[in-house]
Amino acid sequence: MRIQSIQEKPKPAVFYSRLIAKMAVTALVDEAVLTPKPGLVDAATNGSHQDMNIDTLLTSAYALQPTFSQIALYSQEKQPSQMLREEIARIGREGEQIMYGVTNGVNTHKGAIWALGLLASATAVCGIQASPASIAAAAGQIARYADRFCPLHTSNGLRVKKQYGVKGAAGEAEQGFPHVIHIGLPALHKARKLGIHETSARIDTLVTLMAKIDDTCILHRAGSAVLEEVKMAASSVLGAGGVSTSLGKQRLEALDNILLSANASPGGSADLLAAVLFLDRISFFEESYLQGGVANGNVSV
């Protein structure tokens, strides 16, 4: 019987699932360390959060890599279906328990597990060479199937959706992540074309999302009046030319002060930024795939 060498490359299905998971975790880490972020935990402050810091976020992100890997591995060579939806949901709920275990019960990434879990699954379904738009559309197909095994309890997100009539994270996913595809990614790519530093480009992308979405995290903590104030302040940052300008930086500080004063955090926008960064990275690997790098196993995981 041949003994497998530890130097042998993993089987393609395992390789791709690890690759997808690594990209998902990298997106979470990149979102976490991005600084400064209004109202959010970053490398400098805890924002409006008293129960977590940057170390909490990073610990949580790295702990979720096996969850995303399992989701991607299960999803390969499958099509969107109720069975797929329910199985990745089950894996995602196990991932939530892992998250709570490493954060001492703090909800750091529940929304991100939902969004990136769906996108990781869709990436495995479509293939690593698929476009971000195709992946987001497939994620929407998966999300529209019902999860018959979802625990029947009322979450903050559900209460906010009912109270304010907003679509929330579920609606964003079911529609194929329109704010990610039509707003977030174009904003990031536009900033890069203008030669804006990558950090500022990503912050501008976050602010663009904040100006457009009905962030249920803000609604939950502070209500609709604060949400509208935040959206106007975010638009003001962009109107000043973004955070790469002096006026834009001043207006970003004003936006941060609004959120801190209201004890509000744009967590929904942060989750969508992570989704943007994930699909942006997919675009890079799509190019590598077409050039033969990924197809030949030349990308480390």
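Predicted model, so just to flag it, every value in this text is computed and none were measured.
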List the steps, then state whether side chain to side chain contact (heavy atoms under 4.5 Å, CB included) holds for Leu73 with Tyr16. CA-CA 8 Å; Leu73 185 61; Tyr16 283 116; over 6 Å; no
Sorted by first residue and then second, give each salt bridge (charged side-chain N to carboxylate O under 4.0 Å, His left out) pair with at least one member in residues 32-43; sequence neighbours left out. Glu31-Lys37
Any pair with a residue in residues 92-102 that passes salt bridge (charged side-chain N to carboxylate O under 4.0 Å, His left out), sequence neighbours left out, goes on the list, sorted by first then second residue, please.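 For residues 92-102, and leaving out neighbouring residues, the salt bridge (charged side-chain N to carboxylate O under 4.0 Å, His left out) pairs sorted by first residue read Arg90-Glu94, Arg93-Asp147.
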Side chain to side chain contact (heavy atoms under 4.5 Å, CB included) against [X], all qualifying residues, sequence neighbours excluded:
| X | result |
| --- | --- |
| Met83 | Tyr74, Ser81 |
| Ser261 | none |
| Val106 | Asp51, Met52, Thr103, Thr108 |

So, taking the atom named [atom1] in [X] and the one named [atom2] in [Y], what distance separates them when rounded to the nearest 0.5 Å?
| X | Y | atom1 | atom2 | answer |
| --- | --- | --- | --- | --- |
| Leu19 | Arg281 | CG | CZ | 10.0 Å |
| Leu206 | Ile203 | CG | CD1 | 8.0 Å |
| Leu188 | Ile183 | CG | CD1 | 14.0 Å |
| Met99 | Ser60 | CE | OG | 6.0 Å |
| Leu118 | Ile88 | CG | CD1 | 5.0 Å |
| Gln70 | Glu87 | CD | CD | 9.0 Å |

What closest approach, in Å, do [X] and [Y] show between heavy atoms, and which atom pair accounts for it?
| X | Y | answer |
| --- | --- | --- |
| Leu119 | Ile135 | O-CG2, 3.7 Å |
| Ser121 | Ile142 | OG-CD1, 3.6 Å |
| Thr35 | Ala43 | OG1-N, 3.0 Å |
| Leu28 | Ala112 | CD2-CB, 3.6 Å |
| Leu40 | Ser265 | CD2-OG, 3.2 Å |
| Ile113 | Gly92 | CG2-O, 3.8 Å |

Just list the side-chain donor-acceptor pairs under 3.5 Å for residues 207-229, sequence neighbours left out, or say none.
residue, atom, partner, partner atom, Å
Thr208, OG1, Asp204, O, 2.7
Asp214, OD1, Lys231, NZ, 2.8
Asp215, OD1, Cys217, N, 2.9
Asp215, OD1, Gly268, N, 3.1
Asp215, OD2, Gly268, N, 3.2
Asp215, OD2, Ser269, N, 2.8
Asp215, OD2, Ser269, OG, 2.9
His220, NE2, Asn156, ND2, 3.4
Arg221, NH1, Ser48, O, 2.9
Arg221, NH1, Asn263, O, 3.0
Arg221, NH1, Asn263, OD1, 3.4
Arg221, NH2, His49, ND1, 3.4

Hey, quick one: are [X] and [Y] part of the same hydrophobic cluster, counting side-chain heavy atoms closer than 4.5 Å, chains of contacts allowed?
| X | Y | answer |
| --- | --- | --- |
| Tyr62 | Leu64 | yes |
| Ile282 | Phe15 | yes |
| Tyr100 | Val25 | yes |
| Leu58 | Leu34 | yes |
| Val243 | Leu260 | no |

Looking only at atom types and distance, does a side-chain atom of [X] sit under 3.5 Å from a main-chain N or O of [Y], one as donor and one as acceptor?
| X | Y | answer |
| --- | --- | --- |
| Thr205 | Ala201 | yes |
| Thr245 | Gly241 | no |
| Ser17 | Val14 | yes |

Run the side-chain donor-acceptor check on residues 271-280: report pairs under 3.5 Å with partners two or more places apart or on a different chain.
residue, atom, partner, partner atom, Å
Asp280, OD1, His189, NE2, 3.2
Asp280, OD1, Arg192, NH1, 2.9
Asp280, OD2, Arg192, NH1, 3.3
Asp280, OD2, Arg192, NH2, 2.9

Take Val125 and Leu84 through the side chain to side chain contact (heavy atoms under 4.5 Å, CB included) test and state the conclusion after the steps. CA-CA 10 Å; Val125 166; Leu84 175 60; 4.0 Å; yes
Please enumerate all residues that pass salt bridge (Lys or Arg N to Asp or Glu O under 4.0 Å) together with Arg144, with sequence neighbours excluded. none
Apply salt bridge (Lys or Arg N to Asp or Glu O under 4.0 Å) to Glu86 and list each qualifying residue two or more places apart in sequence or on a separate chain. Arg148
Just to verify, what does Asn257 make a side-chain hydrogen bond (donor to acceptor under 3.5 Å, both in side chains) with, not counting sequence neighbours? none
Please tabulate, one pair per line, all N/O donor-acceptor pairs under 3.5 Å involving side-chain atoms of residues 249-256, not counting sequence neighbours.
residue, atom, partner, partner atom, Å
Arg251, NE, Ser236, OG, 3.3
Arg251, NH1, Ser236, O, 3.1
Arg251, NH1, Ser236, OG, 3.2
Asp256, OD1, Gly39, N, 2.8

Quick one: do Ile20 and Phe68 satisfy side chain to side chain contact (heavy atoms under 4.5 Å, CB included)? Show the steps, please. CA-CA 7 Å; Ile20 292 167; Phe68 294 127; 6.0 Å; no
Is the shortest side-chain heavy-atom distance between Asn107 and Lys110 below 4.5 Å?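 Contact flag for Asn107/Lys110 side chains = yes.
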Is there a side-chain contact between Leu57 and Asn53 (heavy atoms, below 4.5 Å)?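 With C-beta onward as the side chain, the pair stays apart.
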Would you mind writing out the side-chain donor-acceptor pairs for residues 162-174 within the sub-3.5 Å range, not counting sequence neighbours?
residue, atom, partner, partner atom, Å
Glu172, OE1, His179, ND1, 2.7
Glu172, OE2, His179, N, 2.9

Could you check whether Ser134 and Ser131, counting side-chain N and O atoms only, form a donor-acceptor pair closer than 3.5 Å? yes
